[in-house]
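Both ligands and their constituent atoms are indexed starting at 1 by order of listing.
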Amino acid sequence: MLVFVGAIILGLWAWFAYQRQQRAERVAHLKGKIAQRKNEQAELLEWARAEAEKIPSQRRKEIGAMDFNQLIAALQSGDVTSLEAVTTYIGLSLAAHEKTNCVTMYIKESVKHARALDGRRKSGESLPPLFGLPVSIKESIGVTGTDKTWGYAGSIHFPSTRDAPTVEMLKQLGAVPFVKTNVPLSLLSYTCGNEIYGWTENPHKKGRTPGGSTGGEAALIAAGGSLLGIGSDVGGSIRMPAHYAGIAGVKPSSMRLSLLRIDDGYHGPKRGGGYPLIEANEGPMAASMETCAEILKQFWASSLVSDVDPYKPPVGWNAAQFEEGRKYRIGYYTTDGWFDPTPGCVRVVEEARHILQMQGHTLVPFSLPDVPEMIRVYVATLTVDGGVSLMGSIEEDLPPAIFLSALRPLRVPILVQRSMAYVASALGYWRVAKFMRSMTKSSVELRRDYASIQLYRARVVEEMRKANIDMLLCPAQVMPAPPHEAPLHLSAGCSYTAIYNLLDFGAGVCRVGTWNAQDEAKLECYPTSDPWYTMAKKFSKDSVGLPLGVQVAAPPFKEEAVMRVLIDLERNVPKA
Ligand SMILES: CCCCCC/C=C\CCCCCCCC(=O)NCCO
């Protein structure tokens, strides 16, 4: 018997020693890949500096001073060549990167691509509508020849072999992808950092996040390094960074832009692909909603989307919905019953309501039903398997320590999490308890939650129809741009955007104002009834001057109406 026990102990010791050695080797391998990538990035930054200097700085200033419409016109007329435009934005993006650490890699191919476009002009070919326009792309979106690591070191050096559908459409329209931008590890957070490329700063205040997961894009655009970017959004990753960085962004419903995972030519960590029912959508980000609208108008002006992805219905641009002067009935709310926003985030919704009423729109109070339960369902169906795949991908890689501590609760056995939910409830932390009940422990539960999403979608559109409401106006987030670590402690703060991923509504955000001294003072009265409110209050302090956006959302195929209302709003708010 003693020999048997001894053998078991020896076997366990050998197994753990082997595991430790395997992990040590993996860590060394991943650190080597990160070091190699940092060298490659440094070389590309040097390449960018040299490229930018090929155009006189005065000429770059002239081109850099043009807004989106002016540059498009100059490119069409030939006053500016594609090479000049791309080179100018390589220089401007370099300056933005030095301020915010927003760039992951430059796309060297963009210079050759620009030259080829200029050659097409010389040959007298007709020019596509976005001819020569430099565009920036979120790191996680496929561009041929570039990595899409999602912040995972294990995915370095697995370059895409094809363009993602949205990139393919941009190239067909004449645009030139020239740079890729930073993301948070796993994309499932609204901060913006990883062990490969570091942490991206908010250009409005150092020490604050630009948001996520399309944070690098938001920082780049807000710092003047790009006129147009493409991001992705499964819980608010276009819209929260737009709010934090003071720019505009649109997440179309999943039925209007392609999600085809055409090329996953990497063999890095498993990432659990798409999330059934809750689909990640790609969409435009820019300094103004008008630019976002122009890009989507070009995407939908022809059959481009369904040509690239036959799973998408051939729904064209709806000019009637977007018509200037069109008036809408808009439901509004300033709290979703799950996470009360901090004062400034409430105030800008009230201000937006007033501006839109002055514009002739009809604003009526509206409450989204049952948000707390639907946020539980959202987290359950987003993580799908109780967080096992997400934990596996992150733990087998080299995560920043703060990600591991944020994920630690997911390591607690689900039955223990649910038991602890009773303790949280007893303490009055009903929201924490709700989150503790969000991880799925079986396919039976998952099926039930999918069914509740379908029922909820029918319920919301029916309530909107009964109230004769076209769309909804609400906060974009619960706080202004917080410190980098805040989103990892406050995943629950994504409810204002995530609910529209669950509903698969089209939704957009534009900047309406900035956090002011009155908001700072009112913060004193913000609740501290549970750890989340206490943290949101702490993270919102000292935010005077930070941008604040609002969100507008509508059922699928009404994205044009949403953008019309956001443009009506954007045109009537004080400029930053
Ligand atoms: C890394 C920590 C993850 C913890 C579990 C997260 C569960 C719910 C939080 C959701 C937060 C969503 C933020 C936005 C995500 C997004 O839209 N990503 C874009 C993907 O294309």
Steps toward side chain to side chain contact (heavy atoms under 4.5 Å, CB included) verdict (Leu523, Trp515): CA-CA 11 Å; Leu523 201 53; Trp515 182 273; 4.1 Å; yes
Specify side chain, backbone, both or neither for Ser237, according to which of its non-hydrogen atoms lie closer than 4.0 Å to ligand 1. both
Short N/O distance, under 3.5 Å, between Tyr378 and ligand 1? no
Going by the atom numbers of ligand 1, which of them fall below 4.0 Å from some non-hydrogen atom of Gly236? 17 (O)
Atoms of ligand 1 under 4.0 Å from any heavy atom of Ala280, numbered from 1 in the order shown, are 21 (O)
Please enumerate all residues that pass salt bridge (charged side-chain N to carboxylate O under 4.0 Å, His left out) together with Arg23, with sequence neighbours excluded. none
What class does the angle between the rings of Trp199 and Phe403 fall in, given that below 30° is parallel, 30 to 60° is tilted and above 60° is perpendicular? tilted
Does ligand 1 come near enough to Ser232 that some N or O of the ligand is less than 3.5 Å from an N or O of the residue? yes
Looking at every non-hydrogen atom in both residues, tell me the closest pair between Gly246 and Pro547 and how far apart they are. CA-CB, 3.4 Å
Check whether any N or O atom of Leu187, backbone or side chain, sits under 3.5 Å from an N or O atom of ligand 1, and answer yes or no. yes
Who are the salt bridge (charged side-chain N to carboxylate O under 4.0 Å, His left out) partners of Arg457, not counting sequence neighbours? none
Of all the heavy atoms in Ala406, does at least one lie under 4.0 Å from an atom in ligand 1? no
Taking distance alone, with no angle check, do Gly235 and ligand 1 share an N/O pair under 3.5 Å? yes
Do Arg431 and Phe339 meet the cation-pi criteria used here (NZ or CZ under 6.0 Å from the six-membered ring centre, within 45° of the axis)? yes
Does Leu188, backbone or side chain, put an N or O under 3.5 Å from an N or O of ligand 1? no
Check ligand 1 against Ser213 and write out every atom of the ligand that is under 4.0 Å from a heavy-atom position of the residue. 18 (N), 19 (C)
Among Asn281, Val379, Thr497, Leu490, which residue places a heavy atom closest to atom 8 (C) of ligand 1? Val379
Run the numbers for me: atoms of ligand 1, each under 4.0 Å from some heavy atom of Ser491, listed by number. 9 (C)
CZ/Arg459: more than 12 non-hydrogen atoms of other groups inside 6.0 Å: yes
Considering non-hydrogen atoms only, spot the tightest contact between Lys312 and Met255 and give its length. CD-O, 3.6 Å
